[in-house]
Structure formats: structure tokens, C-alpha cells
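Here the structure is laid out as C-alpha cells; the discussion comes afterwards.
A quick note: this is a predicted structure, and the numbers were derived from the prediction, not measured.
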Amino acid sequence: MDHAIESLGGRRILFVMAAHAEYGDGLKARIRPLMTGVGPIEAALHTGVALGELKAAGALPDLVVSLGSAGSRTLEQGEVYQVASVSWRDIDASPLGFVKGVTPFLDHPVETPLPAPIDGVPAARLSTGSDIVTGLAYDAIDADMVDMETFAVLRACQRFGLPLIGLRGISDGAADLHHYDDWTTLLHVVDERLAAAIDGLEAAMSAGLFEAERR
């Protein structure tokens, strides 16, 4: 396996990321994450397969952490946020009488709260979808930030009864995106601050704050 189960504060944690471009020196010094690829299908597939393999080996983690970049037109560029809640903006079966944002015949809410135990790291609402959001497209999204993986990772975690924490650094959104470089400009800053957030997560685990969040 390319990834590893990390031990932080006495807990076994699987870190999940989408793209190697987000995995800089700060994170490399701390974790070896599962790399899923970009988008909800790849994230759900690869997280689910990895957790299935870990379960078969009797080695499921205590916690999964989804981390990487996100877009926002309102939050501080380059800053890192804990995911207070996550929704899935791609699903809309409302013409059949289902609530928009809810998968038909599945018992999940439009918005799922997540633990946010890290002291000093602000929390914000996240929307997951399969599209790159830019410009006026933000106006139609009821969330503070957007990504392409966290809800998918959540669904895989739910299948195995595992809690999920989300950490996202704002890499874009202040201006319209036109090119790959528009997304990568702040990734070195996001990497440094995600690394610091992981240090904060370890402190929270050691202090028992994660268990307090879950209760």
C-alpha cells in the first residue's frame, strides 16, 4: 500500500487526499495519505476499496480525515477550515418528490454535521460536487466552501461505521478560474496550514476533545 495508518494521540487515523499537487512538504513530513484521485466517484471508490481491505485485515482505523483544497468566494484565501457540515449538491430527485440534496431511498440528511475538535481552526460548511465552481456559480450553492470529495468519503466511512473529520484549505474562489495555475498558486500555503492543523488534531486527540465532540 502507498498509504499508511497513522497514530495520533493514541488513535489510528487514515488520511485521505485527492491529488498529489495538494501534498506538499509540510504534509509529507507528517502523513502518508490514501490518494483517491479527483471527484466524488474516484473518492468513494478508492476510499471504499481501501476500507474494505483494511476491514478484511482486521485493521480498520478509528477515524478518517479528508483533507485538501477547496474553493470559496467568502472565506479567507489560503486559510484552513474544519468542515462543520457537508452536503452533496449534485443530487436532485425533486421532480420525483424527493428532497433536493438527498439520495432517493437512502436515509441521509441534506447536510451532515462533522466533528470539529481542533482548537484555533475555524469551522465552515462545505458542499461537495463533481464540478469546478467559479464565478456566479457560487451564488446557487448554500455553503461556505466547495470541494469534490468530502461527501463521497463520508459515504464510504458510513458504510464501515467510521467517523470522519474534514480539513480544507481555501485555494481559489476570490477570482474566476481559467487555468490549472489559478488553482495551484496557494497550494504551498494550504499545505503548511494543513500540516499545522494536523498538529492541532494530534493535540485534540491527546486531550480527548474528539471524543467530547462525538458525544
V80 and R168: side chain to side chain contact (heavy atoms under 4.5 Å, CB included), yes or no, with the steps?
CA-CA 5 Å; V80 165; R168 290 284 149 176; over 6 Å; no

Show, in sequence, the C-alpha distance, side-chain angles and deciding distance for E22 and S69, and conclude whether the side-chain hydrogen bond (donor to acceptor under 3.5 Å, both in side chains) test is met.
CA-CA 7 Å; E22 301 171 321; S69 64; 2.5 Å; yes

Side chain to side chain contact (heavy atoms under 4.5 Å, CB included) for D131 and M148? Distances and angles first, verdict last.
CA-CA 7 Å; D131 58 327; M148 302 175 76; over 6 Å; no

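Counting only heavy atoms from C-beta outward, the side chains of V16 and L67 never approach each other to under 4.5 Å. Side chains of T150 and L164 form a contact here, defined as non-hydrogen atoms less than 4.5 Å apart. Residues V146 and T128 are not in side-chain contact: their nearest non-hydrogen atoms beyond the backbone lie 4.5 Å or more apart. Side-chain contact between D147 and L126 is present, with heavy atoms from C-beta onward closer than 4.5 Å. Contact check for R193 versus E79: side-chain heavy atoms found under the 4.5 Å cut-off. Residues V86 and P113 form no side-chain contact, since every pair of their non-hydrogen atoms from C-beta on lies 4.5 Å or further apart. Here the side chains of I13 and V64 are not in contact, with every heavy-atom distance at 4.5 Å or above.
With salt bridges taken as basic N to acidic carboxylate O contacts below 4.0 Å, none links D142 and R89.
Going from atom CG of L162 over to atom CG of D62 covers 8.5 Å, rounded to the nearest 0.5 Å. Taken from CD in Q82 to CD1 in I165, the straight-line distance is 7.0 Å, to the nearest 0.5 Å. With rounding to the nearest 0.5 Å, the separation of CG in L63 from CG in L201 is 6.5 Å. Atom CD1 of I170 sits about 5.0 Å away from atom CG of L75, to the nearest 0.5 Å. One distance of note links OG1 of T74 with CE of M145; it measures 9.5 Å at 0.5 Å rounding. The structure places NE2 of H46 at 12.5 Å from CE of M35, a figure rounded to the nearest 0.5 Å.
Within 6.0 Å of atom CZ in R159, 12 or fewer heavy atoms from other residues, nucleotides or ligands are found, so the atom counts as exposed in its surroundings. Within 6.0 Å of atom CG in D119, 12 or fewer heavy atoms from other residues, nucleotides or ligands are found, so the atom counts as exposed in its surroundings.
For residues 47-106, the ring pair (Phe, Tyr, Trp, His ring centres under 6.0 Å) pairs, not counting sequence neighbours, are W88-F151, F98-F105.
Side-chain N or O atoms of D191 include one that pairs as donor or acceptor with a backbone N or O of G26 at under 3.5 Å.
V102 and I91 fall into different hydrophobic clusters, defined by Ile, Leu, Val, Met, Phe, Trp and Tyr side-chain heavy atoms under 4.5 Å apart, directly or through other members. Side-chain heavy atoms closer than 4.5 Å link hydrophobic residues (I, L, V, M, F, W, Y) into clusters, and following such links, possibly through other members, connects I5 to V153. Grouping the Ile, Leu, Val, Met, Phe, Trp and Tyr side chains by contacts below 4.5 angstrom, directly or via other members, places L45 apart from M17.
With a 6.0 Å cutoff to the six-membered ring centre and a 45° limit on the axis angle, K28 counts as a cation-pi contact of Y23.
The two residues V38 and A19 have their closest heavy-atom pair at CG2-CB, 4.3 Å. Closest approach of A44 and A156 over heavy atoms only: O-CB, 4.3 Å.
With a 4.5 Å cut-off between side-chain heavy atoms of Ile, Leu, Val, Met, Phe, Trp and Tyr, the cluster of I41 takes in none.
E111 is linked by a salt bridge (Lys or Arg N to Asp or Glu O under 4.0 Å) to R125, counting only residues two or more places apart in sequence or in another chain.
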